[in-house]
Engineer: 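This is the structure I have questions about; it appears just below.
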Amino acid sequence: TGAAVGQLGGGEGRKGPLALQTKRLSVDVSSHCNGGVGSSHHPTEQTINAAGNDPDMSLWDSSWDVREARVQLRRASKECNRRGLKLASRWASEQLLGLAVAPSRTDSAETVAHLWEESCEPNDVELYAMSLFDLGEYSRAAHVLSAPSGHGRSSVADGSFGQINPPRNDLNPIGIYLRAFSLYLEGERRKEEQVTELRDPLERTALYNSNLPRLEADLRRAKELGNLDAFGLYAYGVVLKGLRGTKRAPLGQSQSETKGGSIVPVTAKGDAGGDTAHEMLIQSILKYPFNWSAWLDLGDLCVEDPSIDQEVERALQPISGHWMYHFFCVHVFIENKANENAIAIIEKLAHGNSAEIDGELESGFFVQSAYLQSQLAMAYYDVRDYDSAHEHFLALSEREPYRLDHMDAFSNVLYVKDQKVALSHLAHRSVTVDKYRPETCIIVGNYYSSKGRHEKAVQYFQRALKLNRNYLSAWTLLGHEYIEMKNTAAAIEAYRRAVDISDREYRAWYGLGQTYEIMNMLLHALFYFRKAAALHPHDARMWCAIGGCLLGLDRRGDAEKSYERAVSLGDGEGIATRKLAELYREDGDEEKAAKCYLRHLELRYHSQLPGQFTGASADTSPAAFETVVSNVRVDEPEAEALLYLAYYYRDNLEYDAAILCATRLEDYPGPEKEQGKGLLRDVRSRMDQQAGCGMRRNINNARQNHNTPAGLGRRGRDNANLSMDSNSAANAESSFEFSP
């Protein structure tokens with residue numbers, strides 16, 4: 001990942017949405033990018049034919065050329081589309097529009113690409129299977145590409161209907177891939193149909209794609225014969241991912257068969273342990289780096305099993321300087337909540353890895369990419385910088401008004417910012433674009449939730465789950481709505497379904513903790529809050545929740561540590577600072593309590609400012625203190641803090657600070673208002689009394705100087721002054737009373 005980040009300089013002066021709007025963050029990342037600045041090269045036949053033969057890996061580490069990237073992306077869009085990888089095809093086409101404009105030139109690369117495509121043309125049987133695949137007839141397409149049954153036999157009559165025949169012997173690599181992917185999709189569709197018919201969650205999780213064991217055996221055999229191209233290896237990796245994830249088959253158990261509805265391993269003598277999903281996906285990517293679906297599946301494996309990260313990084317080292325690897329790193333960083341690193345790499349992708357190509361100043365690389373802008377918005381959303389996220393989501397929706405990808409997250413931002421009018425407009429527009437998209441249902445559900453119509457919101461979240469039962473945010477938001485409706489049992493079920501789909505969904509773990517806290521089951525709540533904090537350790541809310549549970553369990557020391565951790569992370573909501581102040585007051589530590597209340601006011605003030613990071617260190621200068629106290633919005637917690645600080649400063653003879661704090665309470669409609677007025681009268685009375693004492697002291701000093709004998713001199717006068725000062729201070733101190 002260090003090679004992916006590369007050098008982050010050179011972004012100033014670049015034109016384009018990403019270059020102008022991306023924030024520069026202080027990120028501690030290495031900058032040893034392998035691709036140096038140099039003359040660009042034209043793709044050769046070896047690079048164009050990468051899907052069939054191993055390419056020269058040194059070619060991927062050169063300077064990024066916009067024209068070469070455009071040729072490769074155009075070809076990738078066509079190749080992924082003809083193999084049914086619609087998402088990868090759309091992604092490649094989207095990045096085409098995101099590329100910076102480069103001068104056109106005649107290039108041999110497109111000619112070589114056309115020659116390569118002609119060499120991979122499907123035969124008649126494969127062409128027919130492709131048409132069936134496009135129509136969604138996966139079983140029929142696989143049957144066409146499989147060897148026929150015995151002569152004169154009927155699969156329906158002899159009871160063998162539904163069994164998979166071996167692949168035909170005359171298939172090209174594209175035919176082998178198409179048959180495998182058709183069987184995979186047919187098995188997934190059958191599994192989804194069975195899931196909808198089952199009620200028991202345990203039975204649902206026990207279901208699997210029944211075509212996977214036989215597909216593993218067929219693809220393994222094809223791999224040993226050298227008949228798999230890059231896309232065939234991708235299909236093999238997807239099959240292994242569905243069977244075992246990142247695990248390797250035990251010795252002698254790398255193949256499997258289906259008998260009696262269960263997976264039964266088949267012994268393979270001489271096997272060294274079988275292939276793994278991530279190894280096959282890496283081989284596919286090294287042969288053809290432009291299949292975005294392969295990168296996504298590899299990223300899922302890295303997120304699910306972090307132990308393979310170093311192995312994957314070493315294996316992908318030959319193409320670590322390629323921009324496709326940088327896209328992959330952005331995806332993995334965002335999934336792993338390393339959002340600062342993701343933002344840094346997005347800058348690199350927007351600017352390119354070289355400042356000059358062919359003697360011309362480079363104007364950027366993927367500087368217009370809508371995908372990168374959506375990822376940038378998601379990164380800011382995840383770090384709770386809602387102002388920056390709103391800015392990028394708004395720009396994205398203006399560029400592509402019919403786009404629904406990630407617009408559900410945009411609706412979450414509008415919900416948090418309480419922009420009900422904008423959320424209403426987004427909901428109407430989404431319904432107009434596609435009423436039955438899961439994202440649309442989430443947006444409409446958020447709109448009804450913002451209006452307090454929780455039953456209607458639940459209805460739309462359930463509709464999103466009918467369209468996609470694995471939609472994580474729908475399950476989590478459904479749990480939130482059940483909490484609002486005081487239906488804790490349904491909320492727990494919704495949150496558990498979310499963590500069953502992905503155990504990295506920290507919002508669902510946090511929701512489970514909140515639910516059990518409401519039920520006063522603090523040990524259970526503490527367990528779930530700790531799970532959420534482990535996944536999202538830089539979120540102050542997690543540590544505030546842990547502190548609350550520990551406090552309820554009478555573990556004050558641990559609770560104070562949790563609240564202090566929350567304050568260090570920027571407790572923008574002021575929960576931790578307020579709780580800490582209360583704990584310090586109970587312990588009699590007035591100075592620490594005053595510091596916590598002052599920190600609370602400062603955090604609340606900074607949270608009001610747009611785009612401010614609330615985790616900065618406290619500024620204790622008098623000017624900063626006056627700015628914070630004079631401009632912070634006063635609610636009940638802030639009124640409590642101001643009243644305590646006013647008493648604290650009065651008792652420490654800092655009358656100006658006490659008056660400033662008490663004056664802010666005059667506009668607050670609560671009991672603190674009258675207390676503040678009384679405190680103001682007391683402070684002014686003490687100031688007048690102190691001023692009177694000072695005048696009398698000056699008069700006495702003058703009389704003493706007039707009546708002092710000449711021999712007493714200056715030393716005698718100083719002693720008299722000291723005596724009077726000490727008496728005055730003692731009298732003033734004795735008149736104070738402790739008031740918090």
Engineer: Listed by chain and number, what are the side-chain contact (heavy atoms from CB on, under 4.5 Å) partners of Ala377, not counting sequence neighbours?
Structural biologist: His392, Phe393
Engineer: I would like to know whether His425 and Tyr447 meet side-chain contact (heavy atoms from CB on, under 4.5 Å); could you show each step before the answer?
Structural biologist: CA-CA 10 Å; His425 288 318; Tyr447 167 73; over 6 Å; no
Engineer: Quick one: do Arg599 and Glu602 satisfy salt bridge (charged side-chain N to carboxylate O under 4.0 Å, His left out)? Show the steps, please.
Structural biologist: CA-CA 5 Å; Arg599 180 65 171 155; Glu602 184 185 35; 2.7 Å; yes
Engineer: Please enumerate all residues that pass ring-ring contact (aromatic ring centres under 6.0 Å, His included) together with Tyr381, with sequence neighbours excluded.
Structural biologist: none
Engineer: Is the backbone N or O of Arg74 less than 3.5 Å from a side-chain atom of Ser77, with the two atoms forming a donor-acceptor pair by type?
Structural biologist: no
Engineer: Does any non-hydrogen side-chain atom of Val66 lie less than 4.5 Å from one of Arg70?
Structural biologist: yes
Engineer: Show the numbers, then the answer: is there a side-chain hydrogen bond (donor to acceptor under 3.5 Å, both in side chains) between Glu481 and Ser449?
Structural biologist: CA-CA 8 Å; Glu481 293 305 310; Ser449 180; 2.7 Å; yes
Engineer: Tyr471: which residues meet the side chain to side chain donor-acceptor pair (under 3.5 Å) condition with it, sequence neighbours left out?
Structural biologist: Asp408
Engineer: What's the separation between atom CG in Leu414 and atom CG in Leu423, rounded to the nearest 0.5 Å?
Structural biologist: 5.5 Å
Engineer: Could you grab the distance from atom CG of Leu96 to atom CH2 of Trp91, nearest 0.5 Å is fine?
Structural biologist: 10.0 Å
Engineer: Taking only residues two or more places apart in sequence, or in another chain, which ones meet Ser411 in a side chain to side chain donor-acceptor pair (under 3.5 Å)?
Structural biologist: Asn446
Engineer: Should Glu279 and Arg248 count as an ion pair when the cut-off is N to O under 4.0 Å?
Structural biologist: yes
Engineer: Going by side chain to side chain donor-acceptor pair (under 3.5 Å), name the residues that satisfy it together with Ser424, two or more places apart in sequence or in a different chain.
Structural biologist: none
Engineer: Please name all residues satisfying side chain to side chain donor-acceptor pair (under 3.5 Å) with Tyr495, sequence neighbours left out, ordered by chain then number.
Structural biologist: His480
Engineer: How far does NE2 of His326 sit from CD1 of Ile346, to the nearest 0.5 angstrom?
Structural biologist: 12.0 Å
Engineer: Taking side chain as C-beta onward, heavy atoms only, is Arg314 less than 4.5 Å from Gln317?
Structural biologist: no
Engineer: Does the ring centre of Trp323 sit less than 6.0 Å away from the ring centre of Phe290?
Structural biologist: yes
Engineer: What pair of heavy atoms forms the shortest contact from Ala409 to Met378, and how long is it?
Structural biologist: CB-SD, 3.5 Å
Engineer: Counting distance only, does the side-chain N/O of Trp543 pair as donor-acceptor with the main-chain N or O of Pro537 below 3.5 Å?
Structural biologist: yes
Engineer: Return the minimal non-hydrogen interatomic distance between Leu73 and Ala92, and the atom names on each side.
Structural biologist: O-CB, 3.9 Å
Engineer: Could you state the interatomic distance from CD (Glu505) to CH2 (Trp475), rounded to the nearest 0.5 Å?
Structural biologist: 13.0 Å
Engineer: So do Ile575 and Arg541 actually touch side chain to side chain, heavy atoms under 4.5 Å?
Structural biologist: no
Engineer: Regarding Tyr234 and Asp297, do their side chains bring together a donor and an acceptor under 3.5 Å, going by distance alone?
Structural biologist: yes
Engineer: Do NZ/NE/NH1/NH2 and the carboxylate oxygens of Lys241 and Asp300 come within less than 4.0 Å?
Structural biologist: yes
Engineer: With sequence neighbours excluded, what pairs up with Ala88 under the side-chain contact (heavy atoms from CB on, under 4.5 Å) test?
Structural biologist: Cys80, Leu85, Asn291, Trp292, Ser293
Engineer: Is there any salt bridge (charged side-chain N to carboxylate O under 4.0 Å, His left out) pair reaching into residues 320-338, and which pairs are they, with sequence neighbours excluded?
Structural biologist: Lys337-Asp382
Engineer: Would you please name every residue forming a salt bridge (charged side-chain N to carboxylate O under 4.0 Å, His left out) with Glu94, sequence neighbours left out?
Structural biologist: Arg403
Engineer: Starting from the C-alpha separation in whole Å, work towards a yes-or-no answer on side-chain contact (heavy atoms from CB on, under 4.5 Å) for Arg504 and Glu304.
Structural biologist: CA-CA 8 Å; Arg504 297 185 60 81; Glu304 292 172 4; over 6 Å; no
Engineer: Any chance NE2 of His538 has more than 12 other-residue heavy atoms, nucleotides or ligands included, within less than 6.0 Å?
Structural biologist: no
Engineer: Hey, are the side chains of Leu87 and Arg90 touching, using non-hydrogen atoms and a 4.5 Å cut-off?
Structural biologist: yes
Engineer: Does any part of the side chain of Ser369, heavy atoms only, come nearer than 4.5 Å to the side chain of Leu349, both counted from C-beta?
Structural biologist: no
Engineer: Who are the ring-ring contact (aromatic ring centres under 6.0 Å, His included) partners of His390, not counting sequence neighbours?
Structural biologist: Phe410
Engineer: Does the pair Met542 and Trp509 meet the rule for a side-chain contact (heavy atoms from CB on, under 4.5 Å), with working shown?
Structural biologist: CA-CA 10 Å; Met542 309 296 140; Trp509 291 114; over 6 Å; no
Engineer: Please examine the side chains of Leu298 and Leu316, heavy atoms only from C-beta on, and report whether any two atoms are closer than 4.5 Å.
Structural biologist: yes
Engineer: Output yes when a side-chain donor or acceptor of Arg83 lies under 3.5 Å from a complementary backbone atom of Lys78, and no otherwise.
Structural biologist: no
Engineer: Relative to Tyr460, does Arg463 satisfy both conditions: NZ or CZ under 6.0 angstrom from the six-membered ring centre, and within 45 degrees of the ring's axis?
Structural biologist: yes
Engineer: If you measure only the distance, is there a donor-acceptor pair under 3.5 Å linking the side chains of Glu391 and Ser388?
Structural biologist: no
Engineer: Could you tell me whether the side chain of Val431 reaches within less than 4.5 Å of the side chain of Thr440, counting heavy atoms only?
Structural biologist: yes
Engineer: Using the salt bridge (charged side-chain N to carboxylate O under 4.0 Å, His left out) rule, collect all pairs that involve residues 414-423, keeping only residues at least two apart or in two chains.
Structural biologist: Asp387-Lys417
Engineer: Any idea which heavy atoms bring Ile501 and Arg469 closest together, and the distance?
Structural biologist: CD1-O, 3.7 Å
Engineer: Heavy atoms only: give me the nearest His278-Leu301 pair and the separation to one decimal.
Structural biologist: N-CD1, 3.8 Å
Engineer: List the atom pairs, with distances to 0.1 Å, where a side-chain N or O of residues 527-536 and a protein N or O form a donor-acceptor pair under 3.5 Å, not counting sequence neighbours.
Structural biologist:
residue, atom, partner, partner atom, Å
Tyr528, OH, Arg496, NH2, 2.9
His536, ND1, Asp539, OD2, 3.4

Engineer: Give the minimum heavy-atom separation between Phe365 and Ala69, together with the two atoms involved.
Structural biologist: CZ-CB, 3.9 Å
Engineer: Centroid-to-centroid, Phe366 to Phe327, below 6.0 Å?
Structural biologist: yes
Engineer: Between the side chain of Thr515 and the main-chain N/O of Gly511, is any donor-acceptor distance below 3.5 Å?
Structural biologist: yes
Engineer: Check step by step if side-chain contact (heavy atoms from CB on, under 4.5 Å) holds for Gln72 and Met324.
Structural biologist: CA-CA 11 Å; Gln72 297 286 11; Met324 285 297 295; over 6 Å; no
Engineer: Report yes or no: does Ser284 contribute a side-chain atom to a donor-acceptor pair with the main-chain N or O of Ala230 at less than 3.5 Å?
Structural biologist: yes
Engineer: For the atom pair NZ (Lys561) and CD1 (Ile546), what is the distance rounded to the nearest 0.5 Å?
Structural biologist: 13.5 Å
Engineer: Do you know which two heavy atoms are closest between Ala508 and Val499, and how far apart they sit?
Structural biologist: CB-CG1, 3.6 Å
Engineer: To the nearest 0.5 Å, what is the distance between SG (Cys302) and CD (Gln310)?
Structural biologist: 11.5 Å
Engineer: Using side-chain heavy atoms (C-beta onward) and a distance below 4.5 Å, is Asp405 in contact with Arg437?
Structural biologist: yes
